[in-house]
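What you see is a predicted model, and the numbers here were worked out from it, not measured in a lab. Computation of the quantities below employed the complete heavy-atom set of this structure, encompassing side-chain atoms and omitting hydrogens, waters and symmetry-equivalent molecules. By convention in this document, chain letters (A, B, ...) are assigned in the order of the sequence lines, proteins followed by strands, and residues within each chain are numbered from 1.
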There are 2 protein chains.
Amino acid sequence: MALNLEKSYKALWRLFMTTHSILVNAIEQDLAQAGLPPLAWYDVLAALSESPEHKLRMHELASTMLLDRSNLTRLVDRMEVAGLVCRKSCVSDRRGAFAALTEAGQVMQQKMQSVYEQAVVTYFARHLNDAEVQALTKALERIQVEAQI
Amino acid sequence: MALNLEKSYKALWRLFMTTHSILVNAIEQDLAQAGLPPLAWYDVLAALSESPEHKLRMHELASTMLLDRSNLTRLVDRMEVAGLVCRKSCVSDRRGAFAALTEAGQVMQQKMQSVYEQAVVTYFARHLNDAEVQALTKALERIQVEAQI
DNA sequence: GATAATTAGTTGAATCTGCAACTACTTCTT
DNA sequence: AAGAAGTAGTTGCAGATTCAACTAATTATC
């Protein structure tokens with residue numbers, strides 16, 4: 001019996017990894033097909049648009065996105081070139097910098113949101129009933145809390 | 001009510017993405033700390049060691065790993081330099097190539113397996129009971145099947 | 001059986017990522 | 001208040017990833 005249990009969680013782990021990969025690929029494809037930037041850009045735009053004054057310190061953005069700081073620096077570089085965000089200096093801490101949403105960034109955020117949310121429903125949410133959503137949420141929350149200790 | 005449901009699956013989607021990222025990071029760290037190569041290398045080694053004659057065609061390996069072919073070419077390049085796999089020509093299709101496990105590759109597979117499986121238990125499996133494993137498996141299988149249509 | 005269309009694998013160029021080192025500033029310690 | 005320690009952000013560099021283009025072999029079509 002222990003053997004079967006072992007097998008089943010290993011299979012689940014594989015499923016978890018492959019499902020993630022498949023879903024991310026599908027969403028990226030939908031975005032690309034709509035002529036929109038990649039998922040990571042949406043995460044930045046969404047995080048900023050949910051923030052007070054539509055701006056966040058670089059390190060806050062990096063940690064909410066679970067991204068390396070250096071990675072974020074260059075991501076913001078690219079998005080700044082594209083005119084979707086801009087850097088603003090921080091008065092209270094002169095080391096710091098904000099990334100702030102531009103107007104073009106807000107427009108892009110909304111464009112991307114509609115494609116993204118549609119994709120999440122199509123590939124993910126549509127296949128889960130209420131009970132499953134609850135059960136999955138509980139399980140993943142528990143895992144995440146423990147993993148971060 | 002529709003609003004709450006909407007919120008809950010969106011939260012679940014975020015949780016899914018962040019949990020994936022946290023777990024992969026944690027596992028990569030454990031591997032690195034043990035002086036072992038990254039996760040992708042383990043996937044190759046494991047796939048080969050589960051295959052008849054410990055070898056697979058490049059395109060088979062790429063598709064089981066959900067990896068771009070060009071990406072796999074270079075991954076195998078690196079692993080070949082490290083002596084863990086070697087390429088073998090294919091008799092029945094002269095375009096084709098096999099990636100095959102070397103003896104050093106088998107040894108490495110076992111070393112990595114023990115660290116990897118320990119990490120999966122610690123960060124993932126330990127926090128799920130039997131019912132949850134079953135429920136999650138069912139849900140993810142359904143999602144994956146639908147996504148691939 | 002000749003030619004077109006596919007498929008297998010690799011390569012070049014451009015982009016993206018992660019680690020470590022670096023500068024500049026802030027906070028802690030005494 | 002001076003110096004140590006820590007934090008914010010960027011940069012250099014090496015490795016990883018993707019896209020498109022390419023070669024070579026196979027399969028389909030007529």
Side-chain angles (χ1 to χ4, degrees), chain A residues 20-22 24-33 35-44 48 55-82 84-100, chain B residues 17 20-22 24-33 35-44 47-48 55-82 84-100:
Chain A
H20 175 270
S21 169
I22 290 168
V24 168
N25 282 349
I27 293 170
E28 292 278 20
Q29 270 199 346
D30 284 5
L31 288 170
Q33 233 159 9
L36 297 172
L39 204 44
W41 289 37
Y42 177 72
D43 287 339
V44 171
L48 293 180
K55 67 180 187 177
L56 277 177
R57 289 287 294 272
M58 294 295 281
H59 70 275
E60 292 174 313
L61 200 44
S63 79
T64 61
M65 293 186 61
L66 301 174
L67 222 61
D68 213 61
R69 273 195 230 80
S70 69
N71 197 347
L72 182 71
T73 292
R74 294 187 238 242
L75 178 54
V76 169
D77 285 349
R78 284 172 245 141
M79 295 180 69
E80 198 166 18
V81 169
L84 302 177
V85 300
C86 63
R87 282 184 170 79
K88 290 189 174 169
S89 55
C90 177
V91 187
S92 63
D93 184 342
R94 265 180 295 183
R95 291 170 302 182
F98 288 99
Chain B
M17 295 289 279
H20 175 270
S21 169
I22 289 168
V24 168
N25 283 347
I27 293 170
E28 292 277 20
Q29 270 200 345
D30 284 7
L31 288 171
Q33 234 159 9
L36 296 172
L39 205 43
W41 288 38
Y42 178 72
D43 287 338
V44 172
L48 294 180
K55 68 180 187 180
L56 277 176
R57 288 287 293 273
M58 293 297 280
H59 70 275
E60 292 174 312
L61 199 45
S63 81
T64 62
M65 293 187 61
L66 303 172
L67 223 62
D68 213 59
R69 274 196 229 77
S70 69
N71 196 347
L72 182 70
T73 292
R74 292 187 238 243
L75 178 54
V76 170
D77 285 349
R78 282 170 246 142
M79 295 180 70
E80 199 167 17
V81 169
L84 302 178
V85 301
C86 62
R87 283 183 169 79
K88 289 188 174 170
S89 55
C90 178
V91 186
S92 63
D93 185 341
R94 264 179 296 182
R95 292 169 302 184
F98 288 99

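Side-chain proximity of R87(B) to dT10(C), dG9(D), dT17(C): nearest is dT10(C).
Under 4.0 angstrom from either OP1 or OP2 of dT17(C) there lies at least one side-chain N or O belonging to R78(A). An OP1 or OP2 oxygen of dT18(D) is reached within less than 4.0 angstrom by no side-chain nitrogen or oxygen of R74(B). Distances shown here put every side-chain N or O of H59(B) at or beyond 4.0 Å from the OP1 or OP2 atom of dT7(C). For dA24(C), the OP1/OP2 oxygens have no side-chain nitrogen or oxygen of R94(A) closer than 4.0 Å.
Each of D77(A) and S70(B) has a nearest nucleotide on DNA chain D; the 5'-most of these lies closest to D77(A). Each of D68(A) and D93(A) lies near DNA chain C, and the nucleotide nearest D68(A) is the one positioned closer to the 5' end.
Separating the CD1 atom in I22(B) from the CG atom in N25(B) is a distance of 8.0 Å, to the nearest 0.5 Å. One distance of note links CG of D93(A) with CZ of R57(A); it measures 5.0 Å at 0.5 Å rounding.
Between L75(A) atom CG and dG9(D) atom C1' the separation is 15 Å, expressed in whole Å. Protein atom CG of L72(B) is 14 Å distant from nucleotide atom C1' of dT18(D), rounded to whole Å. Whole-Å rounding puts the R69(B) CZ to dC22(D) P distance at 17 Å. Distance F98(A) CZ to dG9(D) P: 9 Å, rounded to the nearest Å. Taking atom CZ of residue R57(A) and atom C1' of nucleotide dT7(D), one finds them 10 Å apart after rounding to whole Å. Nucleotide dT15(C) holds its C1' atom 17 Å from the CG atom of L39(A), rounded to whole Å. A straight line from CG of N71(A) to P of dG9(D) spans 15 Å, rounded to a whole angstrom. Rounded to whole angstrom, the span from the CD atom of Q33(B) across to the C1' atom of dC19(C) amounts to 15 Å.
When the shell of 6.0 Å around CZ of R87(B) is examined, it contains more than 12 heavy atoms from other residues, nucleotides or ligands.
For R95(A) against dT7(D), a side-chain N or O and a base N or O form a donor-acceptor pair under 3.5 Å.
At least one donor-acceptor pair under 3.5 Å links the side chain of T73(B) to the backbone N or O of R69(B). A side-chain donor-acceptor contact under 3.5 Å links E28(A) to the backbone of L39(A).
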